[in-house]
Each structure stands twice: as structure tokens, then as C-alpha cells.
Visitor: 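This is the structure, below, for whatever I ask next.
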Amino acid sequence: MLVSRADGVLTGGRIVETEAYLGQGDPGSHAATRGITKRNAVMYGPPGCAYVYFTYGNHHMLNLVTEEEGTAGAVLVRAIEPQLGTDEMVRRRGARPMHELANGPGKVAQALGLDLRDNGSVLGVGRVAVFDAPPPSEPVAVSGRIGLTAGHERTLRFYLEGDEHVSRGRTGPRRTARLTDLKDEARAGDARRWKDDA
DNA sequence: ATAGCGATTGACT
DNA sequence: GTCAATCGCTATA
């Protein structure tokens with residue numbers, strides 16, 4: 001559950017689509033180039049913070065920092081299922097079908113009223129908060145990330161299979177799995193990474 | 001100081 | 001399916 005209290009109004013919903021962005025070695029990441037810059041600094045900061053950036057001259061993107069301080073890593077929230085403050089979300093986004101209020105990363109930030117002021121804010125302390133929720137009943141689909149220049153693709157996009165609130169997009173190759181299995185895979189990957197580092 | 005570009009969207013063919 | 005809008009960040013001079 002993702003919740004915003006921008007403008008003193010609570011808005012939010014269930015996260016239904018995400019993409020992972022790593023640090024060095026992930027050419028699609030803002031942290032791809034070695035070193036901290038003014039923009040990507042928050043990605044290197046402590047986990048549990050919001051990394052918000054501005055792109056294409058119009059759109060804000062909300063990421064959740066995931067890795068320990070000193071290691072770049074964040075999850076881009078690409079879509080949510082509106083559940084809280086939907087009337088305010090309609091006011092911010094314009095009259096649209098419910099499933100088009102936040103079915104894209106730029107739309108998520110707009111619907112939640114977020115902007116660069118939220119960059120670096122601590123989840124639950126600033127205007128953005130994330131709460132645990134029951135695991136989804138739908139299978140989780142895994143595909144390549146959207147919108148990256150060729151050669152930057154990695155299968156790091158995760159979304160709820162068949163959910164109407166997921167962004168439209170060229171999916172490409174895709175597989176589905178249970179959430180518990182994906183978590184097992186992630187843990188195995190972490191173990192492999194630690195072993196390699198050692 | 002500044003050219004080039006982008007983790008997109010919305011309108012249009 | 002194509003395409004323009006739009007501006008902060010990054011890299012280069």
C-alpha cells in the first residue's frame with residue numbers, strides 16, 4: 001500500500017507494477033555511472049526513502065530506495081490501484097476511468113501530488129508512506145523494463161498478471177510466477193552475489 | 001556556459 | 001502505429 005498526504009489529503013492505493021533499478025553495472029539506472037551526482041544521490045542513501053526525479057520536462061517519477069546506505073538501488077513505482085482519496089486523484093489527473101488514474105509512473109506521481117520536494121524524504125515521516133498488505137492473489141508477471149534504450153533491458157519489471165491498473169506497454173517476453181517463488185529467487189540471487197563478493 | 005537527452009504522456013493517423 | 005512537448009541533469013568546452 002502506497003499512501004501520500006500531499007496537500008493535506010490522503011491518496012493512495014495498492015502497488016501493482018514496479019521496476020528495479022540497481023547501481024553500477026545496470027546501464028539503465030541513474031546510478032550506472034560510477035559516482036554520486038546531484039540527481040542520483042538519494043539512490044545511494046539509506047533505504048526507506050523516496051527518490052523522486054523529473055523527466056521529459058513534464059513528469060515526476062517515484063522510486064523507493066531499497067539498498068543499504070552506500071549502495072545504489074531503488075524500485076520505481078509504475079502503477080497503483082487507486083483505493084484512497086480517489087476523488088482527489090481525479091481532481092489532479094482529470095476525469096478518467098479509475099484504471100487510468102495511476103497506470104504509469106508519471107501518472108502515479110501526479111495522482112499522488114508528488115514532486116521534487118519529496119525527493120529524499122523518509123517514508124512514513126514525509127508526505128509518502130508505504131504499508132504492508134496481504135500478498136496478491138494474482139500471479140506476478142516478470143518482463144523487461146519499459147522505455148529503456150536498447151541494450152539496457154533487464155528482466156526487472158514486476159506486475160500483477162491481468163490487473164487492469166497496470167500501465168499499457170509493449171510487454172515483450174514474459175513469464176509468470178508466484179510471489180513466494182520470486183522472493184526465493186531474489187534471496188538466491190543475493191546469496192550468489194554475496195558469495196561472488198566474498 | 002550550453003548542447004543533448006530522457007525510467008513519459010497524450011493526442012493524433 | 002507515430003510524434004511533439006518540455007526542462008532538469010549530465011557531460012563537454
Visitor: Rounded to whole Å, please give me the gap between CG in A:N40 and P in B:dC5.
Guide: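 Interatomic distance, CG of A:N40 to P of B:dC5: 20 Å.
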Visitor: Roughly, in whole Å, what's the span from CD in A:E100 to P in B:dT9?
Guide: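 Taking atom P of B:dT9 as the reference, CD of A:E100 is at 12 Å.
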Visitor: Choose from C:dT10, C:dG8, B:dG10 the nucleotide whose nearest atom is closest to any side-chain atom of A:R39.
Guide: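 The nucleotide sitting nearest to the side chain is C:dT10.
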Visitor: It should be established whether A:R96 places a side-chain nitrogen or oxygen under 4.0 Å from OP1 or OP2 of nucleotide B:dG10.
Guide: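 Indeed, a polar side-chain atom of A:R96 lies that close.
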Visitor: Rounded to whole angstroms, how far apart are CD1 on A:I36 and C1' on C:dC9?
Guide: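 One finds 16 Å between C1' of C:dC9 and CD1 of A:I36, rounded.
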Visitor: Between B:dG10, C:dA11, B:dA7, spot the one nearest the side chain of A:T33, thanks.
Guide: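 Shortest atom-to-atom distance from the side chain points to C:dA11.
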Visitor: NA contact type, A:Y56, heavy-atom cut-off 4.0 Å: base, sugar-phosphate, or nothing?
Guide: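 Base, at least one base heavy atom under 4.0 Å.
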Visitor: OP1 or OP2 of B:dT8 sitting under 4.0 Å from any side-chain N/O of A:R78?
Guide: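 For B:dT8, OP1 or OP2 has a side-chain N or O of A:R78 closer than 4.0 Å.
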Visitor: Measure up the A:H60 and A:F54 rings against each other and bin them: parallel (under 30°), tilted (30 to 60°), perpendicular (over 60°).
Guide: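 Rings of A:H60 and A:F54: tilted, 30 to 60°.
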Visitor: Find the distance A:H59:NE2 to B:dA7:P and express it as a whole number of Å.
Guide: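 After rounding, the gap between these two atoms is 13 Å.
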Visitor: Does A:E161 come within less than 4.0 Å of A:R174, counting only side-chain N to carboxylate O?
Guide: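 A salt bridge is present here (some side-chain N lies under 4.0 Å from a carboxylate O).
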Visitor: Could A:R92 and A:D87 be called an ion pair, given the rule that one side-chain N must be under 4.0 Å from one carboxylate O?
Guide: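 Looking at A:R92 and A:D87, the cut-off is not met.
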Visitor: How long is the line joining CZ of A:R145 and P of B:dG6, in whole Å?
Guide: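 To the nearest whole Å, that distance equals 14 Å.
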Visitor: Return the nearest nucleotide to the side chain of A:N58; candidates are C:dA5, B:dA7, C:dC9.
Guide: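 Given the options C:dA5, B:dA7, C:dC9, the side chain of A:N58 is closest to C:dA5.
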Visitor: Round to the nearest Å and state the distance from A:L62 atom CG to B:dA7 atom P.
Guide: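 Atom-to-atom, A:L62 to B:dA7, this comes out as 16 Å.
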Visitor: Which one, B:dG6, C:dC7, B:dA7, comes nearest to the side chain of A:T55?
Guide: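 Taking heavy atoms from C-beta onward, the closest nucleotide is B:dG6.
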Visitor: Nearest-Å distance, CD (A:Q110) to P (B:dT8)?
Guide: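 Taking atom P of B:dT8 as the reference, CD of A:Q110 is at 15 Å.
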Visitor: Would you indicate which nucleotide in B:dT9, C:dT6, B:dA7 comes nearest to any side-chain atom of A:Y53?
Guide: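 Of the options given, the side chain of A:Y53 lies nearest B:dA7.
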Visitor: Could you please name the partner base of B:dA7, counting Watson-Crick and G-U wobble pairs only when both distances are under 3.5 Å?
Guide: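 In the structure as shown, B:dA7 has no Watson-Crick or wobble partner.
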Visitor: If you measure only the distance, is there a donor-acceptor pair under 3.5 Å linking the side chains of A:E88 and A:T11?
Guide: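 Not at all, the side chains of A:E88 and A:T11 share no donor-acceptor pair under 3.5 Å.
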Visitor: Using a cut-off of 4.0 Å on non-hydrogen atoms, how would the nucleic acid contact of A:T37 be classed: base, sugar-phosphate, or nothing?
Guide: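 Sugar-phosphate only.
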Visitor: Quick one: A:L148 CG to B:dT8 P, roughly how many Å, whole number?
Guide: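 Those two atoms, CG and P, are 7 Å apart.
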Visitor: Looking at B:dG10, B:dT8, C:dG8, which one has an atom nearest to any side-chain atom of A:I146?
Guide: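 Closest of the options to the side chain of A:I146: B:dT8.
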Visitor: Would you mind checking if A:E138 and A:R14 are paired as a salt bridge, meaning a charged N to carboxylate O distance below 4.0 Å?
Guide: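 Salt bridge flag = yes for A:E138 with A:R14.
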Visitor: Counting Watson-Crick and G-U wobble pairs only, both distances under 3.5 Å, name the nucleotide matched with C:dT6, or none.
Guide: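 C:dT6 is paired with nothing.
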Visitor: Check whether NZ of the Lys or CZ of the Arg A:R145 lies under 6.0 Å from the centre of the six-membered ring of A:Y21 and within 45 degrees of that ring's axis.
Guide: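 Output yes; distance and angle both within limits.
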Visitor: C:dC9 phosphate, OP1 or OP2: any side-chain N/O from A:H30 under 4.0 angstrom?
Guide: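 False: A:H30 side-chain N/O out of range (4.0 Å or more) of C:dC9 OP1/OP2.
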